[in-house]
Amino acid sequence: MTLTKDQLNGLYTAIVTPLAEDGSVDVKALKKLVRFQLDAGAAGIVPIGGTGEYPAFSRDERRTIVATCVEAADGKPVIPGVLSTGFEDALEAGRDFAAVGAAAVMTVTPYYAPGTQDGMRAYFRRYRDSLDLPVMLYQIPRRTTVSAFADTVQAMAEDGSIIGMKYSSYDMPDYIRTVKYAGDKIAILSGEEPLFATHVALGARGGVLASATIYPKIWIEIFELAKQGKLNEALKLQDKIDPVIDSIYVETNPGPLKRYMALAGMPVGGVRLPLQGPSAETIAKLETAAKQAKSVSLA
């Protein structure tokens, strides 16, 4: 299946990539994780973004991960991340994912040599023209150090280059401008748990969230409340999961998240270098958060 902007609604889970003891991709655990998300009500799956450790895998491994998710998703949309630095590598990845059944790709803003705003616009226009899949813009300036400005996002939408974007930034004035300029042209999805409910109340059509890989149901409930304009109720519900959010992002994602999942009874293995397992101090915070989650019946 392929997606349109109108189909991008609700929770899309940014899942981790389970690893076996020898560091290889645990295909069986990956299928189980995908089914867990969809059975909980997630609208779709976003594998091998930052949470899925895209840079740590080979081309063949990435293709296998996406193919496995597509098989397990059984018709639900799979939107793999494309985090390559250069156009040709990004295009190669996109074509690989299209060949195994991805519904769209979530492509990061070009970084390291980012160019101008006009260059970024031309990059995505050429990318979409060269790829037989819809494209979501992935904006995460704390990782890439570059952003597409709100008027650039509007231009990309008008070019037909993108059907949506994952907005991962705490810059609320820029978010509001982006919704104002492009919110009626593309589907804007929040990528920030602490701001998710507020983003939805201000125009986001859903989210791509990493912590949903372990707790999808509460984020779906938060989404429904925020979509109905019940922001205070949504934020109050979010209080239950805030300790988890605070603990899993103490170090680079997804190391702490994977350790937390083991504590919560969903072991998915470790991470690949250069990431390592969390420090003893972080583990203590994760253990405290896991106990708090259990006390409030978080699931």
For [X] and [Y], which I'm curious about, is there any donor-acceptor pair between the side chains at under 3.5 Å?
X      : Y      : result
Gln117 : Thr152 : yes
Thr109 : Tyr123 : no
Tyr167 : Glu192 : no
Gln139 : Ser168 : no
Asp118 : Thr116 : no

Quick one: does any side-chain atom of [X] pair with a main-chain N or O of [Y] as donor and acceptor, under 3.5 Å?
X      : Y      : answer
Ser169 : Asp171 : yes
Gln37  : Ala212 : yes
Asp22  : Ser24  : yes
Glu61  : Ser58  : yes
Thr213 : Ala210 : no

Are [X] and [Y] connected in the hydrophobic side-chain network, where two residues link if heavy atoms are under 4.5 Å apart?
X      : Y      : value
Ile15  : Phe57  : yes
Phe149 : Tyr170 : no
Val271 : Val46  : no
Leu225 : Leu202 : yes
Tyr138 : Val146 : yes

(request) Find out whether the Lys NZ or Arg CZ of Arg126 is both under 6.0 angstrom from the six-membered ring centre of Phe87 and within 45° of the ring's axis. (result) yes
(request) With Arg62 as the cation and Tyr54 as the aromatic partner, state whether NZ or CZ is under 6.0 Å from the six-membered ring centre and within 45° of the axis. (result) yes
(request) Give the C-alpha distance, both sets of side-chain angles, the deciding distance and a yes or no for side-chain contact (heavy atoms from CB on, under 4.5 Å) between Asp39 and Phe36. (result) CA-CA 5 Å; Asp39 289 346; Phe36 171 72; over 6 Å; no
Heavy atoms, side chains only, cut-off 4.5 Å: are [X] and [Y] in contact?
X      : Y      : value
Ile241 : Tyr215 : yes
Pro194 : Ile245 : yes
Ile163 : Val135 : no
Arg121 : Asp151 : no
Pro256 : Tyr249 : no
Leu137 : Thr107 : no
Thr13  : Val208 : no
Leu19  : Val268 : no

Supply the atom-to-atom distance [X] [atom1] to [Y] [atom2], rounded to the nearest 0.5 angstrom.
X      : Y      : atom1 : atom2 : result
Thr4   : Ile186 : OG1   : CD1   : 13.0 Å
Leu8   : Met136 : CG    : CE    : 5.5 Å
Gln238 : Glu193 : CD    : CD    : 8.5 Å
Ile48  : Met106 : CD1   : CE    : 9.5 Å
Glu21  : Asp26  : CD    : CG    : 10.0 Å
Lys285 : Glu281 : NZ    : CD    : 4.5 Å

(request) Carefully, step by step, assess Ser161 and Tyr127 under the rule side-chain contact (heavy atoms from CB on, under 4.5 Å). (result) CA-CA 8 Å; Ser161 302; Tyr127 190 76; over 6 Å; no
Electrostatic pair [X]:[Y] at N-O distance under 4.0 angstrom:
X      : Y      : value
Arg259 : Glu287 : no
Arg177 : Asp174 : yes
Asp60  : Arg63  : yes
Arg59  : Asp96  : yes
Asp6   : Arg205 : yes
Glu251 : Lys258 : no
Lys236 : Glu233 : no

(request) Please say which of Val27, Val78, Val100, Thr17 ends up in a side chain to side chain contact (heavy atoms under 4.5 Å, CB included) with Ile65. (result) Thr17
(message) Working note: Val66 + Cys69, criterion side-chain contact (heavy atoms from CB on, under 4.5 Å); need CA distance, chi angles, decisive distance, verdict.
(response) CA-CA 5 Å; Val66 176; Cys69 289; 5.7 Å; no
(message) Quick one, Glu221 with Lys240, criterion salt bridge (Lys or Arg N to Asp or Glu O under 4.0 Å). Give me CA distance, side-chain angles, the key distance, then yes/no.
(response) CA-CA 12 Å; Glu221 292 174 15; Lys240 290 186 175 184; over 6 Å; no
(message) Please give me the minimum heavy-atom distance between Ala226 and Ala197, naming the atom from each residue.
(response) CB-O, 3.6 Å
(message) Tell me the closest heavy-atom pair linking Arg128 and Pro134, and the distance in Å.
(response) NE-CA, 3.8 Å
(message) Is there a side-chain contact (heavy atoms from CB on, under 4.5 Å) between Arg125 and Met156? Walk through the geometry before answering.
(response) CA-CA 7 Å; Arg125 184 168 56 229; Met156 290 179 184; over 6 Å; no
